[in-house]
> 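I'd like to ask some things about the structure below.
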Amino acid sequence: MKQFRATVRARGMVVTTIVFAENTNFATKILQAQFGAANVISIPTQIGNG
């Protein structure tokens, strides 16, 4: 699993979060399921060497 960082809107606040996934597409799907598609502000970017 790799780490991805993304900016999302949660309860009216903009926050940065980290999610573990195999690739960017899976990370996006996880974030959309957790926060709603309209609340995912940035495309997840991989951090570290994973």
Side-chain angles (χ1 to χ4, degrees):
M1 291 277 187
K2 300 171 186 161
Q3 277 186 322
F4 293 88
R5 179 183 297 142
T7 304
V8 298
R9 189 175 294 109
R11 303 191 105 190
M13 296 184 297
V14 175
V15 296
T16 301
T17 188
I18 294 174
V19 65
F20 290 86
E22 290 294 325
N23 57 47
T24 304
N25 291 333
F26 288 155
T28 301
K29 295 290 185 189
I30 290 169
L31 291 166
Q32 288 175 345
Q34 287 182 327
F35 298 100
N39 293 319
V40 179
I41 297 170
S42 71
I43 296 170
T45 55
Q46 186 175 343
I47 57 176
N49 293 329

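Side chains included, hydrogens not; waters and symmetry mates left out as well; all remaining heavy atoms used. From a predicted model like this one, the values you see are computed outputs, not experimental measurements. Residue numbers count from 1 along this sequence.
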> To the closest 0.5 Å, what do you measure between CG (N23) and CD (Q46)?
9.5 Å
> Looking at F35, I want to see if its CZ is surrounded by more than 12 non-hydrogen atoms of other residues, nucleotides or ligands under 6.0 Å.
yes
> When you measure from the side chain of S42 to the backbone of T7, do you find a donor-acceptor pair of N or O atoms at a distance under 3.5 Å?
yes
> If we only count heavy atoms from C-beta on, is the V14 to I41 side-chain gap below 4.5 Å?
yes
> Let's go through T16 and R5 carefully: what are the C-alpha distance in whole Å and the side-chain angles of both, what is the deciding distance for side chain to side chain contact (heavy atoms under 4.5 Å, CB included) to 0.1 Å, and is it a yes or a no?
CA-CA 7 Å; T16 301; R5 179 183 297 142; 3.3 Å; yes
> Is there a path of hydrophobic side-chain contacts, each under 4.5 Å between heavy atoms, that joins I18 and L31?
no
> For the CD atom of E22 and the CE atom of M1, what is their distance to the nearest 0.5 Å?
5.0 Å
> Could you pull out the closest heavy-atom pair between F4 and A21, with the gap in Å?
CE1-O, 3.5 Å
> Could you measure the distance from the CG atom of N39 to the CD atom of Q32? Nearest 0.5 Å is fine.
10.5 Å
> Just verifying a value: how many Å separate N25 CG and I30 CD1, rounded to the nearest 0.5 Å?
11.0 Å
> Do I43 and V19 sit in the same hydrophobic cluster, where Ile, Leu, Val, Met, Phe, Trp and Tyr count as joined when their side-chain heavy atoms come under 4.5 Å apart?
no
